[in-house]
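Input: a single structure, listed below in structure tokens.
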Amino acid sequence: MLNIVIFGAPGSGKGTQSDKIIAEYGVAHISTGDALRNEIKKETELGKTAKGYIEKGQLVPDELVVGILASVLDSLGKSVPGVIFDGFPRDIEQAKILDKMLAERGEKVSTVIGLEVDDAELVKRIILRGQTSGRSDDNEETARKRLETYHAQTQPLREFYIRQGKYARIEGVGSIDRIYSDIKAAIEAVK
Ligand code: ADP
């Protein structure tokens, strides 16, 4: 199976590029952000807890996110050609959990697509997205906190995957199609 991790800061284009990868490769999409927002919408206990963290720009505790991830993974049909992990892992601990969950299923991470975008551009994109997304975390103050969280907790994962030879660095500023064609080349290299 093709197990793709799409990696990058908030606003780096993970969702946009995931849609293109899914359209081309037919892989299943697992977005922990979407899954958490769904729990918030349904007003579940988990959703209520998650909301507080999300609105502060912090990570939701592992046990909540991992539970959601496991149930989504288990619900996938046998016929899917692969999975794209969007928003997970977000720290080294989660990366280790993902490796373990995949190993239990006889799988491993195939490649990590790292979308690299500078912070000033990220804040601009998030504020712009906030005008239409309806997401309560898409405002300047929360965006800055999310970026701080990203640099402190998520960015160390870049080195973690570089050391494993799995990190494909993608310049994330430019046209959507150019970025996608770089991503496609990285996927073809591991297919
Ligand atoms: P973005 O990457 O643009 O910040 P996401 O939709 O991936 O947006 O995530 C939104 C929020 O959901 C994050 O700021 C975080 O609070 C929470 N979240 C999503 N995925 C995880 C995860 N793997 N671990 C902890 N919290 C998460």
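Every number for a ligand or one of its atoms is a count from 1 in the order of the listing.
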Anything under 3.5 Å between an N or O on ligand 1 and a protein N or O? List each pair with its distance, or write none.
unit_1   : atom_1 : unit_2 : atom_2 : d
ligand 1 : 2 (O)  : K14    : NZ     : 3.0
ligand 1 : 2 (O)  : R90    : NH2    : 3.0
ligand 1 : 3 (O)  : R129   : NH2    : 3.3
ligand 1 : 3 (O)  : R146   : NH2    : 3.0
ligand 1 : 4 (O)  : R90    : NH2    : 3.2
ligand 1 : 4 (O)  : R146   : NE     : 3.4
ligand 1 : 4 (O)  : R146   : NH2    : 2.9
ligand 1 : 6 (O)  : R37    : NH1    : 2.8
ligand 1 : 6 (O)  : R37    : NH2    : 2.9
ligand 1 : 7 (O)  : R90    : NH1    : 3.4
ligand 1 : 7 (O)  : R90    : NH2    : 3.4
ligand 1 : 8 (O)  : R135   : NH2    : 3.1
ligand 1 : 9 (O)  : R90    : NH2    : 3.4
ligand 1 : 16 (O) : Q58    : O      : 2.6
ligand 1 : 20 (N) : T32    : OG1    : 2.8
ligand 1 : 20 (N) : G87    : O      : 3.3
ligand 1 : 20 (N) : R90    : NH1    : 3.1
ligand 1 : 23 (N) : G87    : O      : 2.9
ligand 1 : 23 (N) : Q94    : OE1    : 2.9
ligand 1 : 24 (N) : Q94    : NE2    : 2.9
ligand 1 : 26 (N) : V60    : N      : 2.9

#### Entry: Note, I176 side chain near T16 side chain (heavy atom, < 4.5 Å)
yes

### Task
Kindly confirm or rule out a cation-pi arrangement of K20 over Y180, judged by NZ or CZ under 6.0 Å from the six-membered ring centre and within 45° of its axis?
yes

### Query
Between T44 and E39, do the side chains contain an N or O donor and an N or O acceptor separated by less than 3.5 Å?
yes

### Query
Using the ring of each side chain (for Trp, its six-membered ring), is Y167 parallel, tilted or perpendicular to F7, with breaks at 30° and 60°?
perpendicular

### Query
With a 4.5 Å limit on heavy-atom distance, are the side chains of I4 and V83 in contact?
no

### Message
Going by the rule salt bridge (Lys or Arg N to Asp or Glu O under 4.0 Å), which residues pair with R135 if we only count those two or more places apart in sequence or in a different chain?
### Response
D137, D138

